[in-house]
Amino acid sequence: MYNFQFTEDMMHDVIVTLDNESQSDDLFALAYALLSPRLNIRGIITGHYREEENHDRCRKETEKIIRMIPGKNPPIYEGSFDTFDESAQTSVLSEGAARIIECASQKPITILCMTTLTDIALAIQASPDLVRNLRIIWAGGGAYPLGADYEPNIMHDRDAANYVIQSGCTFWQVPKNIYRKFNISFAELQLKVQPKGALGEYLYQRIMTRAYNPKRPLRYGCYWVLGNLSIVGLMLCEHVFGYKEIPAPLFSKHCVYVNAGTTKTIRVFDDIDTRFIFEDFFAKLTLNAENAEKSGRTSSLI
């Protein structure tokens, strides 16, 4: 499909954690990761829900995306049903946490986290030495310097976020004010996504289905936010002039950033090249559709 190749030493080993039953942009970001030949996807961890039905839907949607991209068949692991409890004497490892331990015990790995940090916290709690091999890129948390914004990836498991950020792993954060820059209009989705084969059609329909939900009609007006594309894009272009290294904070119970009083630091992005990431995603979506047409693959969404 591509006229360029990467040698093994240029590849990045990656685990993706997502909750695509909650936000449709997770599916776009998953597709972007799978379409990026430099990323070796070692596993996908689905869901952060207590309801088994939501876990099942999350897995099924993930499987649909995988089937539409040739040559990709990463294993899928179930995420935790519960929030993280640092005080627990023995925590039950989710399938996802166990996979993180398995991979990070072998060599360095990056986790692209589009949801809560629950499974990562469970893995570090069970095997603290993993932090030397872990790089986390997380879309979450409110705008600096205050925070205190409703942001689901922190609100749904604040304890996990505090534990991971203070663990000593390499941690890159894309806060809400930055990932919310990834706005895309419905017209642009219709023009640049929907015509791009079965994958483009499916991604477009998922946005439209959610946008026209009778319970929350057109909650964003005539656009959607594809914020999780940001953390995939950072694997392909590190934006070396778009971040600051700051003392690793803690989140208060109101999700305000507070000084943790430690020497640990994290990388916080304050600027991301949305043009590069959007155009790279659109190009890969187009090439995937052209490749499917040449090979005569079905356009079925099964």
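Keep in mind that what you see is a predicted model, and the values were worked out from it rather than measured.
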Any chance NZ of Lys72 has more than 12 other-residue heavy atoms, nucleotides or ligands included, within less than 6.0 Å?
-> yes
State plainly whether one hydrophobic cluster holds both Val258 and Leu117, where clusters connect Ile, Leu, Val, Met, Phe, Trp and Tyr through side-chain heavy atoms under 4.5 angstrom apart.
-> no
Say whether Tyr202 and Gln194, considering side chains only, have a donor N or O and an acceptor N or O under 3.5 Å apart.
-> no
When rounded to the nearest 0.5 angstrom, what distance separates CG in Asn162 from CD1 in Ile154?
-> 6.0 Å
In Å and rounded to the nearest 0.5 Å, what is the CG to CZ distance from Leu191 to Phe186?
-> 15.0 Å
Can you check whether Ala104's main-chain N or O pairs, donor with acceptor, with Asn133's side chain at less than 3.5 Å?
-> yes
Hey, is the main chain of Pro108 close enough, under 3.5 Å, to the side chain of Arg135 for a donor-acceptor pair?
-> no
Test Cys103 against Ile15 for side-chain contact (heavy atoms from CB on, under 4.5 Å), laying out the working first.
-> CA-CA 9 Å; Cys103 291; Ile15 290 175; 4.1 Å; yes
Of all heavy-atom pairs linking Leu285 and Lys196, the shortest is CG-CB, 3.7 Å
Can you name the residues that form a salt bridge (charged side-chain N to carboxylate O under 4.0 Å, His left out) with Glu279, not counting sequence neighbours?
-> Lys192
Residue pair Arg210 / Ser24, side-chain donor-acceptor N/O under 3.5 Å = yes
Check salt bridge (charged side-chain N to carboxylate O under 4.0 Å, His left out) between Glu63 and all other residues, then give those that pass, not counting sequence neighbours.
-> Arg59
Check step by step if salt bridge (charged side-chain N to carboxylate O under 4.0 Å, His left out) holds for Glu61 and Arg206.
-> CA-CA 10 Å; Glu61 288 208 354; Arg206 290 304 299 149; 2.9 Å; yes
Are Tyr257 and Phe251 near enough that their ring centres are under 6.0 Å apart?
-> yes
Please step through side-chain contact (heavy atoms from CB on, under 4.5 Å) for the pair Leu35 and Met1, ending with a clear verdict.
-> CA-CA 10 Å; Leu35 289 169; Met1 182 166 75; 4.2 Å; yes
Any side-chain donor near an acceptor of the partner, Asp280 and Tyr32, under 3.5 Å = yes
Which heavy atom in Ala139 sits nearest to a heavy atom in Ile231, and how many Å separate them?
-> N-CG2, 3.8 Å
Do you know the tightest heavy-atom contact between Ala126 and Leu93?
-> CB-CD2, 3.9 Å
Give a yes or no on whether the backbone of Glu78 and the side-chain of Glu95 come within a donor-acceptor separation of less than 3.5 Å.
-> yes
Ring-ring centroid check Phe269 Trp172, cutoff 6.0 Å | yes
Could you go step by step and tell me if Leu34 and Ile66 meet the side-chain contact (heavy atoms from CB on, under 4.5 Å) rule?
-> CA-CA 8 Å; Leu34 291 168; Ile66 292 172; 4.0 Å; yes
Rounded to the nearest 0.5 Å, the CD1 atom of Ile120 sits from the OG atom of Ser167 at a distance of 9.5 Å
Check whether any side-chain N or O of Ser185 sits under 3.5 Å from a backbone N or O of Glu188 as a donor-acceptor pair, and report yes or no.
-> yes
Solution key, residues 236-244 side-chain donor-acceptor pairs under 3.5 Å, sequence neighbours excluded:
from, atom 1, to, atom 2, distance (Å)
His239, ND1, Cys237, O, 2.5
His239, NE2, Asp273, N, 3.0
Tyr243, OH, Arg267, NH2, 3.4

Decide whether Thr118 and Asp157 meet the rule of one side-chain donor and one side-chain acceptor closer than 3.5 Å.
-> yes
Give, for atom OG1 of Thr62 and atom CZ of Arg67, the distance between the pair rounded to the nearest 0.5 Å.
-> 10.5 Å
Backbone N or O of Cys169 within a donor-acceptor pair of the Arg132 side chain at under 3.5 Å?
-> no
Look at atom CD of Gln5 and say whether more than 12 heavy atoms of other residues, nucleotides or ligands are closer to it than 6.0 Å.
-> no
Could you walk me through whether Gln166 and Leu250 pass the side-chain contact (heavy atoms from CB on, under 4.5 Å) check?
-> CA-CA 8 Å; Gln166 295 299 323; Leu250 285 170; 3.7 Å; yes
Do Ser80 and Asp119 meet the criterion of a side-chain donor-acceptor pair at a distance under 3.5 Å?
-> no
Pick from Asp26, Asn153, Thr115: which one makes a side-chain hydrogen bond (donor to acceptor under 3.5 Å, both in side chains) with Asn228?
-> Asp26
Measure the CZ-NZ distance between Phe171 and Lys264 for me, rounded to the nearest 0.5 Å.
-> 13.5 Å
Kindly check if the number of other-residue, nucleotide or ligand heavy atoms within 6.0 Å of CG (Asn3) is above 12?
-> no
Step-by-step side-chain hydrogen bond (donor to acceptor under 3.5 Å, both in side chains) determination, Gln106 to Glu102 = CA-CA 7 Å; Gln106 300 168 5; Glu102 179 183 7; 4.6 Å; no
Determine whether the side chains of Gln173 and Tyr179 contain a donor N or O and an acceptor N or O closer than 3.5 Å.
-> no
Heavy-atom pair of closest approach, residues Cys58 and Thr46 = SG-CB, 3.5 Å
Mind checking whether Phe282 and Phe278 have ring centres under 6.0 Å apart?
-> yes
Minimum heavy-atom distance Lys284-Ser36, with the two atoms named | NZ-OG, 3.0 Å
So which heavy atom on Asp25 is nearest to which on Gly227, and how close?
-> OD2-N, 3.4 Å
